[in-house]
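Each ligand, and each atom within it, is numbered from 1 in the order the structure gives. On a predicted model such as this, the values are computed, not experimentally measured, just so you know.
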Amino acid sequence: MNTADLFGNVVYPEHRDEPLCDGAVVLRGFALPDETMLLQSIDAVVAQAPFRHLTTPGGFRMSVGMTNAGPLGWVSDRHGYRYDPIDPDSGKPWPSMPDVFLGLASAAAAHAGFAGFMPDACLINRYTPGTRLTLHQDRDEHDFAQPIVSVSLGIPAMFLFGGMQRTDRSIRVPLAHGDVVVWGGSARLRYHGVLPLKPNHHDVLGAYRINLTFRQAG
Ligand code: MD3
Ligand code: FE
């Protein structure tokens, strides 16, 4: 039998949960029932706050295109990394968090044992073939007890999941359209990254991968 999440979305029973380690679990296909609404909402956000390539504090242009939805947005420039309520390109607040984003993120977190997750930031990352994200930790949030939820859409990526030090060995986790990962507990501060995307095509997103990363940042 199907059940419904907090927002009344149907949650299908055929998801396979793949624990990666203590605190991290891959929910294969968890976002598929929301696919159409997610893609519509991403288009609406991007119309207000287009993807842009941020500069790292060291002066490098990030190959991932980024934008944000919600009260806080993650930004990087020559001064450092931070969460900011204002989009520096428009001078206006980031687009509000679409209901389907909030519903999916809180349902996924609850499914993984983090009931009550209320993200105030959704970073939207856009990858094309060749785009990569080097190993890093997510440390710009205030409360590391809060999990992070990530949603993969479009062409597949090979995700790298390392340890507590950059030099610890990593495992490779393939992430495909509709997969959701919840990272909490002792997984929350582990190094992670994305290998350069291979040329590929997705029926709906063409040559793009889009990743939504939900955080309680403030
Ligand atoms: C593991 N994004 O935006 S999401 C990021 O696919 C980021 O765009 C990647 O890493 C992407 O910071 C990966 C998966 C993810 C996010 C946060 C984590 C994995 C994590 C925090 C701790 C451990
Ligand atoms: Fe990250």
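- A salt bridge links Arg215 with Asp138: the closest approach of a Lys/Arg side-chain nitrogen to an acidic carboxylate oxygen falls below 4.0 angstrom.
- Contacts between Ala24 and ligand 1 below 4.0 angstrom, taking non-hydrogen atoms only, are absent altogether.
- Residue contacts with ligand 1 for Val64 are absent, since no atom lies close enough (heavy atoms, distance under 4.0 Å).
- Near Ala187, meaning under 4.0 Å from one of its heavy atoms, ligand 1 places the atoms 22 (C), 23 (C).
- Only the side chain of Tyr127 comes within 4.0 Å of ligand 1, judged by heavy-atom distances.
- Considering backbone and side-chain N/O of Asp138, one or more are found under 3.5 Å from N/O of ligand 1.
- Only the backbone of Arg188 comes within 4.0 Å of ligand 1, judged by heavy-atom distances.
- Heavy-atom distances between Trp74 and ligand 1 stay at or above 4.0 Å for every pair.
- Ionic pairing of Asp22 and Arg190 is not present here: no N-O contact between side-chain nitrogen and carboxylate oxygen is shorter than 4.0 angstrom.
- Nearest heavy atom pair, residue Ala157 against residue Val194, reads CB-CG1, 3.9 Å.
- Only backbone heavy atoms of Arg190 (N, CA, C or O) come within less than 4.0 Å of ligand 1; its side chain stays farther off.
- Within the structure, no pair that satisfies the side-chain hydrogen bond (donor to acceptor under 3.5 Å, both in side chains) test touches residues 158-170, not counting sequence neighbours.
- Proximity of Val181 to ligand 1, defined as any heavy-atom pair under 4.0 Å, is not found for any part of the residue.
- Among Gln137, Arg209, His192, Arg215, the residue whose heavy atom lies nearest to atom 5 (C) of ligand 1 is Arg215.
- In Met66, neither the side chain nor the backbone holds a heavy atom less than 4.0 Å from any atom of ligand 1.
- Scored by the side-chain contact (heavy atoms from CB on, under 4.5 Å) test, Gln146 finds Phe117, Asp143, Gln216 as partners (sequence neighbours excluded).
- Taking the N/O/S atoms of His192 in turn, the shortest distance to the Fe ion (ligand 2) belongs to NE2.
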